2 protein chains.
Amino acid sequence: MTPTTAGRPPGRPRAGVTDAVFAATLRTVHEIGYARATVDRIAAAAGIAKTTVYRRWPSKGALIIDCLLDAFGPVPLAGDDRDEVISTAVRWIAGKIGEPGVGDAFAGVFSDAVSDPALRDLLASRFQDPYRIALQDALGEPEHRVLFLIDTVVGTLLHRMGMTGRPMVDADVDALVDMVRRYFTPTAAGRRRT
Amino acid sequence: MTPTTAGRPPGRPRAGVTDAVFAATLRTVHEIGYARATVDRIAAAAGIAKTTVYRRWPSKGALIIDCLLDAFGPVPLAGDDRDEVISTAVRWIAGKIGEPGVGDAFAGVFSDAVSDPALRDLLASRFQDPYRIALQDALGEPEHRVLFLIDTVVGTLLHRMGMTGRPMVDADVDALVDMVRRYFTPTAAGRRRT
DNA sequence: GGGTTGCGCTACCTTGAGTATCGAAACCAG
DNA sequence: CTGGTTTCGATACTCAAGGTAGCGCAACCC
């Protein structure tokens with residue numbers, strides 16, 4: 001969507017602030033934690049007014065979800081077989097959650113979503129579903145198996161993040177990869193190496 | 001501590017309200033969700049004043065943790081081998097989380113703990129540690145392995161609870177048991193049955 | 001310059017956690 | 001029965017944060 005395309009609407013054009021807001025969100029969450037990262041502070045960190053944030057996103061949760069979508073991007077589905085696809089995907093999400101601010105923000109929205117059905121729906125439809133569908137296609141697994149895989153991997157990573165405040169260390173990520181690989185690749189029990 | 005033991009202190013004795021408060025907590029959380037289950041409402045459901053709750057527990061989080069400790073009780077560690085001990089323990093916690101109100105309350109405190117370091121410490125020391133130590137003893141595994149086991153099992157169950165609002169169905173609990181059993185009982189890859 | 005829309009600012013509403021205060025109630029000792 | 005001590009319930013309050021409303025001004029097009 002270049003600025004000159006398809007009949008620009010009248011009036012003052014919107015300032016391009018989304019990138020600045022996303023960056024400010026992750027930075028603020030990383031520095032002072034999710035709870036203290038209020039919309040006010042995030043807006044201030046981005047150099048704009050709180051009201052401008054609420055003109056773009058209907059709620060704090062929606063902002064964080066969009067921020068996470070931007071931070072995560074599409075899931076890499078590289079690999080010759082399911083074994084490798086799963087390993088790659090698990091390591092990818094573990095790495096993303098380990099990036100400064102991302103894990104905290106993820107755990108934070110998830111937390112808020114627990115007791116906010118509207119946010120839960122948003123999280124499921126806008127965030128989880130795209131990855132779920134991509135994984136179903138790549139793995140040829142039914143929906144409930146992929147949902148179980150996501151519960152396992154994301155749940156484990158978030159639980160560690162939530163209980164310790166830090167992302168999972170590499171050695172435990174290796175263990176996680178190993179565990180889900182063994183379970184989802186029936187014949188992989190014997191071939192321990194890539 | 002019977003009432004007549006060891007020099008009762010002067011003044012009006014405390015009313016025995018903890019059981020009523022625990023019951024009211026689970027009931028309220030189950031009926032209207034964690035976020036709307038305010039301390040005010042819980043107190044009202046228990047038939048006492050909010051101030052009385054705060055005389056017993058220093059924060060809402062502390063109340064919920066005590067309530068969960070009461071609801072969970074000690075982990076059953078039955079079974080002849082590690083394989084069975086793990087299965088029993090996993091099914092036990094899955095069942096507890098499935099009880100009305102318990103899973104919601106658990107997911108709720110966990111959520112709050114994510115961005116509240118004090119509550120996180122409380123959750124780790126008062127709730128997780130006793131079970132972790134009991135499992136270390138029963139399984140003869142080092143601390144980091146048991147922590148990984150807990151992350152996996154609890155994380156998966158809470159993620160499902162958080163994303164769907166409902167506890168995990170039995171078939172998926174079976175899958176979870178299967179997965180962690182395979183990983184934590186190296187020789188179990190061959191003997192698929194109990 | 002006129003029309004239209006976005007921005008920053010300030011003030012505000014609401015909810016919920018947690019605190020302070022005060023009178024009344026419950027217990028014991030004498 | 002009275003006094004001392006502690007707890008209870010009720011009310012009122014503070015504080016933080018999500019979210020909203022309104023206003024003056026800025027930026028764009030014609």
Side-chain angles (χ1 to χ4, degrees), chain A residues 2-18 20-21 24-25 28-29 32-65 105 108-109 111-119 122, chain B residues 2-18 20-21 24-25 28-29 32-65 105 108-109 111-119 122:
Chain A
T2 54
T4 54
T5 307
R8 138 185 273 172
R12 174 176 176 171
R14 289 196 151 190
V17 296
T18 58
V21 173
T25 300
T28 307
V29 168
I32 63 178
Y34 184 80
R36 295 179 55 204
T38 68
V39 177
D40 249 334
R41 281 187 230 255
I42 292 172
I48 62 173
K50 182 171 84 159
T51 45
T52 301
V53 173
Y54 278 104
R55 280 186 195 106
R56 301 264 193 313
W57 294 276
S59 67
K60 180 183 179 181
L63 163 63
I64 303 285
I65 289 176
V109 252
S111 299
D112 287 351
V114 167
S115 48
D116 180 344
L119 182 56
L122 208 64
Chain B
T2 54
T4 55
T5 307
R8 137 187 272 173
R12 175 176 177 171
R14 290 197 148 190
V17 295
T18 59
V21 173
T25 300
T28 306
V29 168
I32 63 178
Y34 183 81
R36 295 179 55 205
T38 67
V39 176
D40 249 334
R41 280 188 232 254
I42 291 172
I48 63 174
K50 181 172 84 161
T51 46
T52 301
V53 173
Y54 278 104
R55 279 185 198 106
R56 301 259 191 320
W57 294 275
S59 66
K60 180 183 178 181
L63 163 63
I64 304 284
I65 288 176
V109 251
S111 299
D112 287 351
V114 167
S115 47
D116 180 345
L119 182 56
L122 208 65

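Quick caveat: nothing in here was measured; it's all calculated off a predicted structure. As a basis for the values below, the full set of heavy atoms in this structure was taken, side chains included, without hydrogen atoms, waters or symmetry mates. Sequence lines set the chain letters: A, B, ... in the order given, protein chains first and strands last, and positions in each chain run from 1.
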Undergrad: Quick check for you: to the nearest 0.5 Å, what is the distance between B/S59 atom OG and B/D112 atom CG?
TA: 9.5 Å
Undergrad: Could you state the atom-to-atom distance from CZ of A/R36 to C1' of D/dA16 in whole Å?
TA: 12 Å
Undergrad: Locate the shortest heavy-atom distance separating A/A20 from A/A46; write the atom from each residue and the value.
TA: O-CB, 3.9 Å
Undergrad: When you get a sec, tell me which of C/dA17, D/dA17, C/dC9 is the closest nucleotide to the side chain of B/K60?
TA: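 Out of C/dA17, D/dA17, C/dC9, the nucleotide with an atom closest to B/K60's side chain is C/dA17.
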Undergrad: Round to the nearest Å and state the distance from A/I48 atom CD1 to C/dC7 atom C1'.
TA: 10 Å
Undergrad: D/dA16 P sits how many Å from A/K50 NZ, rounded?
TA: 14 Å
Undergrad: Using the rule side chain to side chain contact (heavy atoms under 4.5 Å, CB included), only one of A/L63, A/V39, A/I65 pairs with A/W57; which is it?
TA: A/L63
Undergrad: Rounding to a whole Å, what distance do you find between B/D112:CG and C/dG16:P?
TA: 13 Å
Undergrad: Rounding to an integer number of Å, can you tell me how far A/W57 CH2 sits from C/dC7 P?
TA: 10 Å
Undergrad: If you restrict it to nitrogen or oxygen atoms, what contacts under 3.5 Å exist between nucleotides 2-6 of chain D and the protein, and what is each distance?
TA:
residue	atom	partner	partner atom	Å
D/dT6	O2	B/R12	N	3.2

Undergrad: Are OP1 or OP2 of D/dG9 and a side-chain N or O of B/T51 less than 4.0 angstrom apart?
TA: no
Undergrad: May I have the distance from A/R55 (atom CZ) to D/dG19 (atom C1'), rounded to whole angstrom?
TA: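 A/R55 atom CZ is separated from D/dG19 atom C1' by 13 Å.
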Undergrad: Out of curiosity, B/D116 CG to B/L122 CG, how far, rounded to the nearest 0.5 Å?
TA: 9.5 Å
Undergrad: Nearest-Å distance, OH (A/Y34) to P (D/dA17)?
TA: 13 Å
Undergrad: Please determine whether a side-chain nitrogen or oxygen atom of B/R8 lies at a distance below 4.0 Å from atom OP1 or OP2 of C/dC27.
TA: no
Undergrad: Report yes if the side chains of A/R41 and A/I32 come closer than 4.5 Å at any heavy-atom pair, otherwise no.
TA: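 Result yes, sub-4.5 Å side-chain heavy-atom pair found.
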Undergrad: Let me confirm one number: the CD1-CZ distance from A/I48 to A/R55, rounded to the nearest 0.5 Å.
TA: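 Spacing of CD1 (A/I48) from CZ (A/R55) equals 9.5 Å.
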Undergrad: If you compare every side-chain N and O of B/R56 against the phosphate oxygens of D/dC8 (OP1, OP2), does one of them come in below 4.0 Å?
TA: yes
Undergrad: Drop me the distance from A/L119's CG to A/S111's OG, to the nearest 0.5 angstrom.
TA: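 Spacing of CG (A/L119) from OG (A/S111) equals 10.0 Å.
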Undergrad: Using whole Å, report how far CG of B/D116 lies from P of D/dA17.
TA: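 Going from B/D116 (CG) to D/dA17 (P), I get 12 Å.
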